Amino acid sequence: MSSIEDTLRDILIEDLFVEKEKSSILTTDSFRQDLGVDSLGFVELKSRIEEIFGIAIGDDDFTPENFSTIASLTGFIEQCRSAV
């Protein structure tokens with residue numbers, strides 16, 4: 001398990017109050033459908049990612065493709081970090 005994935009699970013539980021056991025959150029779970037993240041939750045998720053990982057997420061990158069699952073978001077974060 002990557003530390004990015006683990007950190008994203010922590011954000012979901014501690015900051016977005018997803019009511020699921022950390023160990024049961026799959027990398028393929030849909031943030032919206034499986035975990036119940038709403039519009040405000042996505043804004044909070046974006047903000048926490050920027051703060052924790054030290055990256056800036058522009059409007060063009062704040063898309064459903066990048067923010068659909070832990071797997072897609074992990075890939076996006078890795079891409080942003082390698083571009084710095």
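Source: prediction; values computed, not measured.
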Hphob cluster co-occupancy, Leu26 + Val18, side-chain heavy atoms under 4.5 angstrom: no

Close aromatic pair by centroid cut-off 6.0 Å: Phe67 and Phe31: no

Main-chain N/O of Thr74 paired to Glu5 side chain as donor or acceptor, under 3.5 Å: no

Any Glu65 side-chain heavy atom under 4.5 Å of Phe76 side chain: no

Thr27 vs Thr69 side-chain heavy atoms within contact, under 4.5 Å: no

Donor-acceptor contact present, side-chain Asn66 to main-chain Leu73, <3.5 Å: no

Any donor-acceptor N/O pair, Ser47 side chain to Val43 backbone, under 3.5 Å: no

Closest non-hydrogen atom pair between Lys22 and Arg9, with its separation: O-CD, 3.5 Å

Close side-chain approach of Leu45 and Asp15, heavy atoms under 4.5 Å: no

Salt-bridge contact Glu78-Arg81 (side-chain N to carboxylate O under 4.0 Å): no

Inter-residue atom distance Ile49.CD1 - Phe42.CZ, 0.5 Å rounding: 10.0 Å

Side-chain heavy atoms of Phe53 within contact of Ile4, under 4.5 Å: yes

Distance in Å, Cys80 SG paired with Glu50 CD, rounded so as to fall on 0.5 Å steps: 9.5 Å

Contact check, side chains of Asp34 and Thr28, non-hydrogen atoms, under 4.5 Å: no

hydrophobic_cluster_shared for Leu35 and Leu16, side chain cutoff 4.5 Å: yes

Distance, nearest 0.5 Å, that separates CD1 of Ile55 from CD of Gln79: 10.0 Å

Note, Arg48 side chain near Ile11 side chain (heavy atom, < 4.5 Å): yes

Salt bridge present between Asp29 and Lys20 (N-O < 4.0 angstrom): yes

Joint cluster assignment, Ile52 & Ile25, ILVMFWY side-chain distance < 4.5 Å: yes

